[in-house]
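These notes concern the structure reproduced below.
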Amino acid sequence: MHLDRSTFLARLLGPTFFTVGLGMLVNLDGYRNVIAEGLHFGVLFYLSGLLSMIAGLAIINLHNKWQADWRVVITVLGWLMTIGGFFRMVLPKVAIATGSIIYAGRASIVVAALMVGTLGAFLSFKGYMRRA
């Protein structure tokens with residue numbers, strides 16, 4: 001069975017994002033601690049930027065499609081991952097300040113979890129739905 005790149009990436013990213021979103025909701029206090037620990041410059045912060053940039057560049061190089069359909073979501077994610085990785089490695093103070101604003105409270109973590117989970121469900125549906 002041959003999968004096109006969009007379907008393959010949706011099958012890879014969808015369940016991952018859904019699981020992250022669900023994990024955030026189920027373990028809210030734990031994720032609050034993880035986020036708080038992650039918003040300090042150090043090796044973990046740098047490595048998260050490096051891995052984000054590598055994954056983002058892989059997506060962009062395999063899937064830089066700016067079509068007016070669901071596939072553009074994958075391209076946008078690739079660019080956001082690349083840009084986020086760049087900021088974490090080159091401008092860590094900006095990335096930490098931005099993350100501190102985004103994850104300022106419990107409600108913002110719930111909103112982020114719902115957004116990530118919904119995105120994951122959407123991509124999973126697109127990746128795994130039966131093709132006629």
Side-chain angles (χ1 to χ4, degrees):
M1 175 180 178
H2 173 72
L3 296 176
D4 67 14
R5 289 180 180 167
S6 300
T7 303
F8 172 77
L9 290 169
R11 287 181 173 193
L12 183 68
L13 295 171
T16 303
F17 277 56
F18 180 78
T19 302
V20 169
L22 183 61
M24 289 173 76
L25 289 173
V26 172
N27 303 295
L28 193 58
D29 290 332
Y31 270 82
R32 285 177 65 182
N33 293 334
V34 168
I35 291 166
E37 288 177 23
L39 289 175
H40 297 288
F41 187 70
V43 69
L44 179 61
F45 191 81
Y46 181 81
L47 285 175
S48 74
L50 179 65
L51 293 173
S52 181
M53 188 163 197
I54 290 170
L57 287 170
I59 291 169
I60 290 169
N61 280 285
L62 290 172
H63 194 280
N64 199 21
K65 298 180 179 186
W66 293 98
Q67 298 162 302
D69 64 12
W70 71 271
R71 293 169 185 87
V72 75
V73 172
I74 295 170
T75 301
V76 169
L77 283 173
W79 279 102
L80 289 174
M81 292 167 75
T82 302
I83 292 165
F86 173 86
F87 273 94
R88 284 192 296 265
M89 291 190 303
V90 177
L91 301 168
K93 290 180 181 178
V94 172
I96 290 168
T98 303
S100 297
I101 291 167
I102 292 170
Y103 296 109
R106 186 179 182 94
S108 61
I109 296 172
V110 170
V111 170
L114 291 172
M115 290 172 57
V116 170
T118 301
L119 178 61
F122 172 76
L123 289 174
S124 294
F125 175 76
K126 289 297 187 179
Y128 287 101
M129 72 178 189
R130 288 193 169 269
R131 306 236 184 255

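None of these values were measured; they are calculated from a predicted model.
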Just how far is it from atom [atom1] of [X] to atom [atom2] of [Y], taken to the nearest 0.5 Å?
X: F45; Y: L39; atom1: CZ; atom2: CG; result: 6.5 Å
X: T118; Y: L123; atom1: OG1; atom2: CG; result: 11.0 Å
X: R32; Y: E37; atom1: CZ; atom2: CD; result: 13.0 Å
X: W79; Y: N64; atom1: CH2; atom2: CG; result: 6.0 Å
X: R88; Y: F41; atom1: CZ; atom2: CZ; result: 12.0 Å
X: I35; Y: S100; atom1: CD1; atom2: OG; result: 10.5 Å

Do any N or O atoms from the side chain of [X] and from the backbone of [Y] form a donor-acceptor pair under 3.5 angstrom?
X: R71; Y: K65; value: no
X: T82; Y: L57; value: yes
X: N27; Y: G30; value: no
X: T75; Y: H63; value: yes

CZ (F18) with more than 12 external heavy atoms under 6.0 Å
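No - once you tally the heavy atoms of other residues, nucleotides and ligands closer than 6.0 Å, there are 12 at most.
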Legend entry - More than 12 heavy atoms from other groups under 6.0 Å of CZ on F8: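 No, not enclosed.
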Hydrophobic clusters here meaning ILVMFWY residues chained together by side-chain heavy-atom distances under 4.5 Å, can you tell me if [X] and [Y] are in one?
X: Y46; Y: F87; result: yes
X: I102; Y: V94; result: no
X: M53; Y: L50; result: yes
X: I109; Y: L114; result: yes
X: M81; Y: L62; result: no

Heavy-atom pair of closest approach, residues [X] and [Y]:
X: A10; Y: P15; result: O-CD, 3.8 Å
X: Q67; Y: V72; result: O-CB, 3.3 Å
X: S124; Y: G14; result: OG-C, 3.0 Å

Given the rule in the side-chain contact (heavy atoms from CB on, under 4.5 Å) test, do Y103 and V111 qualify, once you have shown the distances and angles that lead to the verdict?
-> CA-CA 10 Å; Y103 296 109; V111 170; over 6 Å; no
Steps toward side-chain contact (heavy atoms from CB on, under 4.5 Å) verdict (F17, F122) = CA-CA 10 Å; F17 277 56; F122 172 76; over 6 Å; no
